[in-house]
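Below is one structure, written out as structure tokens; comments come after it.
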Amino acid sequence: MSRYSANEIEAKWQKAWDEAGVFTAERSDDKPKYYVLEMFPYPSGRIHMGHVRNYTMGDVIARYKLSTGHNVLHPMGFDAFGMPAENAAMKSGGHPKDWTYGNIDEMVSQMKPMGWSLDWNRMFATCDVEYYGQQQALFLDMLEAGLVYRKNAVVNWDPVDMTVLANEQVENGRGWRSGALVERRELTQWFFKISDYSDELLSALDTLDNWPAKVKTMQANWIGKSRGLQFAFSTVDAPDGFDRIEVYTTRPDTLMGASFMGISPDHPLAKQLEQTNPEIAAFCADCRRMGTTEEELEKAEKKGFDTGLTVRHPFDTSWELPIYIANFILMDYGTGAIFGCPAHDQRDFEFATKYGLPIAPVFVSADVEADGADEYFKQKEEALVPMKSEKVRYIRGFCGAELQTGEEAVDAAVTFCEEQGVGQGVTKFRLRDWGLSRQRYWGCPIPVVNCEACGVVPEKKENLPVKLPDDVTFDVPGNPLDRHPTWRNCDCPSCGAPARRETDTMDTFVDSSWYFARFTAPRAGTPTDATEAEYWMNVDQYIGGIEHAILHLLYSRFFARAMNITGHLPEKSKEPFNALFTQGMVTHAIYKTEDADGRPVYHYPEEVETKDGKVVLKDTGAEVEVVPSAKMSKSKNNVVDPLAIIDTYGADTARWFMLSDSPPERDVEWTASGAEATYKHLSRVWRIATDAVADETAANDQDKALLREMHKAIHDVTAGVESFGFNASIAKLYGFTNTLAKSKAGGDAKREATKILAQLMSPITPHLAEEIWALLGGAGLIAQADWPQADESMLVEDEVTLPIQINGKRRGEITVPKDLAKEEVEKLALAHEAVVRALDGNAPKKLIVVPGRIVNVVV
RNA sequence: GCCUGAGUGGCGGAAUGGUAGACGCAGGGGAUUCAAAAUCCCCCGAUGGCAACAUCGUGUGGGUUCGAGUCCCACCUUAGGCACCA
């Protein structure tokens, strides 16, 4: 008997699948289709355990669907544009293209040994000219459909490197490379009109039944629908054109508590004022040096600048409020101007306290009398911000009842203001338009041309693709496209005069917003092919990390709609992902000690050992602190390399272990002992199979019991696979393997059971399954064999064991024929020793018999 | 503060309202072996008891039920998200 040799087996069967073209997706009318997709990776150059888990989950589904008679589409590609390639080029020379394609080759060579059932014929990278050329065509169609436009927007600008910085490249307000103070600078940029779809993207979430509720909630919050009042304050002595300033508020009921007006440093009025007032200019410049993320704005100290101008309160024109420019107000939200009500907003409260502005309460708690209201409020040292659904007592209300909820008061205030001609109720969304311009080289060029005479002109479709030039260097600051004369200079597609290309490229989220559609026809001369898209779309099961819950998935949903409008996807694909599954992370313990200065030192798993129940360093014997279940991270030295695992145990072990220990949606901890145990188990299955081949035991009375267990295993494992309960399927496989190993059944029954075991294991450990299948003379490839069906009649036992409870506590059990009459069960139960003892001659108060389940005696 | 989840042995985790802890890891004992590796068998929530067995036990406190890990109410802890403000 030979030993289980994973490396030999795995290479052999991968070759066999490849030669038979088992995983080539083919369209045919005689079979239903199934499209399973895992989020494609960034080509970092190395696969990690997260990939192994993610792609193995998809693979189990794909292989299962293949064996249940589906045409399966299970493709793979690379999300290949983006900054890391440029960073690498800047750091160590070379070209982003070479770096990227080198990494892709490297990763493919690491992925293939995992034995995933991928249709590699469909592979592409988003940096392939064929792909981004079609993306440019899509962009032009969207431009024509009015889904793209240009406007000014603020970016992080590094004045030394003369470049735009991503948020993560700004550290403490300084450029990560130059160390220069980062400015916020306005550039003209391209935007997708995703905000036009805010309401639809929100309401359609309700139709996504097979999406995690969590993701839907996150998207709903992100879209952020709100109902409020938009109205204008009239100004006093303001510059021309600023007679009125529009504000938006979700709390119009607090209008009588207004104490100041705040405008964004980017508000037109602020910009007007800073031209003549150096102090205001300095303040605004200071604000613009802050980062552009909301988080940074929130964390920053709240600062304001009194413009000296005032506005009149809409209900009392003699009441004037000062106008402040404030650093926490974003031009992109609402109208870029607010009124502050310090009594009922914590941020306004702090602002008013800082600048000595009045704090007038509008309402108090419902349990406070109106007379004592002002007194009550004076004792408070923070804003009173109850839930909108809570009833409060209005003391400066102007409509509705004195006692009402915030929601009721807001509605009443909107109605009242509309009647008075002071503004109108509007619905606003937090979701902003999607800025897609990136001032970078390694991305999809935006296919437009700037002509002096014609303005911004779309490139002609026949001139696509607009290819990235290869002859660029990164030794000089700035975007190489900007200083590439022969690429940048071109002829206007409209008038033919000399013109300049757009040198901005697209956000990489654009690339990943339609790749799933491209997989249905990856080599088509148009973005998609109608027949293929009609057949393969939608993605039946999408699998990926929760970190993409908002942006990627929301953008993809928008793109699917845009592609429908522009004729690239059918109506049914407006929601492109029928089911979504978000898998947990792969974690690993961290081994930590401290150096002489108290700084943490992280040790590789190989450097530690367990001695006398303590984890110590092999070298010095020093005790090590074990931090369990931390995300794998290079800096913490707790990364497990899939290649090393394949080398030691084989891909089947890695695949099985990644699914065995935790439910798929939760994090799983990689442990060396767990991997070892998996390998031992697979070796055991291998031994059982090789033993079964030559087993000459005659058929006997144990056969039926074994086959019964076999059918139960079919039933349970299948149920697990269909419900994403891979860990449950694996538990059943362990159980069935134990039964099989101990069975005294005849050789034929054992061989049959072993073949079924191999089939049930085949989605998880496909190589070992093929080997056993071949060993036992299975026809063809197990990958192409029909999934076994459980015989329902074999799932029912002839006898059942019923627990006997006394007052709800288990006190014994009886074994009875399955169909025994209830009365007979009662009789047997009452005769049970423990029951007799408990009753002590008395009659039971109550006797509950749940057929086939339980007996409960109440005494 | 709000919205989602989660909380069960030493650990990962099972349990359509019906025998809590399946299955795996770790641990203990035994068989085999000159010895070891590998393999096989048995035990393994806590407390008491030689044992049979008894009592307790699913974050906390209540409740519904013949019966609650599961359903309801309140709370605690924890992870993720939002930072409702525009």
Side-chain angles (χ1 to χ4, degrees), chain A residues 3 212-222 224-226 228-230 247-251 262 264 294-295 297-299 328-341 344-348 383 385-388 426 428-430 546-547 549-550 582 584 587 589 610 613 628-629 656-657 660-663 665-678 680-681 683-684 687 716 725 727-738 741-742 801-813 834 844-850 852-859:
Chain A
R3 270 174 59 93
K214 182 181 187 166
V215 172
K216 289 192 277 188
T217 307
M218 283 164 72
Q219 290 211 357
N221 289 339
W222 186 263
K225 188 176 185 171
S226 70
L229 180 76
Q230 184 162 333
V247 298
Y248 173 69
T249 177
T250 52
R251 292 307 297 260
S264 164
E294 281 175 58
E295 190 189 353
L297 288 175
E298 283 296 326
K299 279 184 183 164
F328 56 85
I329 301 171
L330 284 173
M331 194 57 217
D332 292 316
Y333 280 0
T335 61
I338 61 158
F339 75 79
C341 176
H344 304 296
D345 181 286
Q346 190 57 31
R347 189 170 56 190
D348 292 348
V385 191
M387 284 190 294
K388 272 189 191 170
V426 290
K428 284 210 188 275
F429 295 90
R430 183 181 168 278
I546 189 75
E547 66 272 21
I550 299 176
T582 52
T587 64
T610 306
S629 292
W656 174 285
F657 180 54
S660 66
D661 255 24
S662 289
E665 67 276 12
R666 279 207 231 163
D667 292 353
V668 65
E669 177 155 342
W670 180 276
T671 60
S673 58
E676 173 77 24
T678 299
K680 282 185 188 174
H681 175 71
S683 303
R684 183 172 181 231
R687 266 197 317 279
D716 292 348
N727 57 325
S729 289
I730 285 180
K732 298 295 175 192
L733 288 170
Y734 271 117
F736 181 47
T737 305
N738 285 337
K742 287 176 189 172
T801 300
L802 296 180
I804 307 289
Q805 290 185 338
I806 295 169
N807 293 338
K809 303 233 175 218
R810 183 183 163 281
R811 286 294 181 267
E813 59 185 34
K845 273 191 193 151
K846 203 165 181 180
L847 187 56
I848 293 133
V849 177
V850 183
R853 298 236 63 130
I854 202 162
V855 179
N856 191 11
V857 186
V858 185
V859 300

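Lettering of chains follows the sequences in order, A, B, ..., and the numbering in each one begins at 1.
Close to B:C40, at under 4.0 Å from its OP1 or OP2, lies a side-chain N or O of A:R687. Within the structure, a side-chain polar atom (N or O) of A:R684 is placed less than 4.0 Å from OP1 or OP2 of B:C40. Taking side-chain N and O atoms only, A:N727 has no distance below 4.0 Å to OP1 or OP2 of B:G12. When the side-chain nitrogen and oxygen atoms of A:N738 are compared with OP1 and OP2 of B:G24, one or more of them lie within a distance under 4.0 Å.
Among B:G24, B:G13, B:U19, the nucleotide with an atom closest to any side-chain atom of A:P663 is B:G13. Residue A:A731 places its side chain closer to B:A22 than to any other of B:G13, B:A22, B:C25. Relative to the side chain of A:T801, the nucleotides B:U19, B:A6, B:G18 differ in distance, and B:U19 lies closest. Picking from B:A38, B:A20, B:C66 the nucleotide with the shortest atom distance to the side chain of A:K680 gives B:A38.
The base of B:C82 lies outside donor-acceptor range of the side chain of A:N221, with no N or O pair under 3.5 Å. Judged by distance alone, with hydrogens and angles left aside, A:R853 brings a side-chain donor or acceptor within reach of the base of B:U16, the pair sitting under 3.5 Å.
Separating the NZ atom of A:K216 from the P atom of B:G81 is a distance of 20 Å, rounded to the nearest angstrom. Atom P of nucleotide B:C25 and atom CD of A:E669 are separated by 16 Å, given to the nearest angstrom. The distance between atom NE2 of A:H681 and atom C1' of B:C40, rounded to the nearest whole Å, is 16 Å. As rounded to whole Å, 18 Å separates atom P of B:C23 from atom CZ of A:F657. For A:K732 and B:A15, the NZ to P distance is 8 Å, given to the nearest whole Å. Distance NZ (A:K214) to P (B:U4): 12 Å, rounded to an integer number of Å. Atoms CD1 (A:I329) and P (B:C84) sit 13 Å apart, rounded to a whole Å.
Contact annotation for A:K742: backbone-only contact, meaning every heavy-atom pair under 4.0 Å involves sugar-phosphate atoms and none involves a base. Among the protein residues, A:V850 comes within range of the nucleic acid bases, having at least one heavy atom under 4.0 Å from a base atom. Across all strands, A:G228 comes closer than 4.0 Å to no nucleic acid atom at all (heavy-atom distances). Within the 4.0 angstrom heavy-atom criterion, only backbone atoms of the sugar-phosphate kind lie near A:T217; the bases stay farther away. Using a 4.0 Å heavy-atom distance criterion, A:K846 is classed as a sugar-phosphate-only contact.
Panel note: side chain A:E665, backbone A:T582; no donor-acceptor pair is recorded below 3.5 Å.
Residue A:W656 comes nearest to A:H681 through the heavy atom pair CZ2-CD2, 3.7 Å, listed as atom of the first residue, atom of the second, then distance. In plain terms, the two heavy atoms of A:V215 and A:I546 that are nearest each other are CG2-CD1, 3.8 Å.
Looking at A:Y734 and A:S660, their side chains never bring a donor and an acceptor atom within 3.5 Å of each other.
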**Q.** Pairing annotation in dot-bracket form, given for RNA chain B with Watson-Crick or G-U pairs under 3.5 Å and | for cross-strand partners
**A.** (((((((..(((.....[....))).(((((.......))))).((((....))))..(((((..]....))))))))))))....
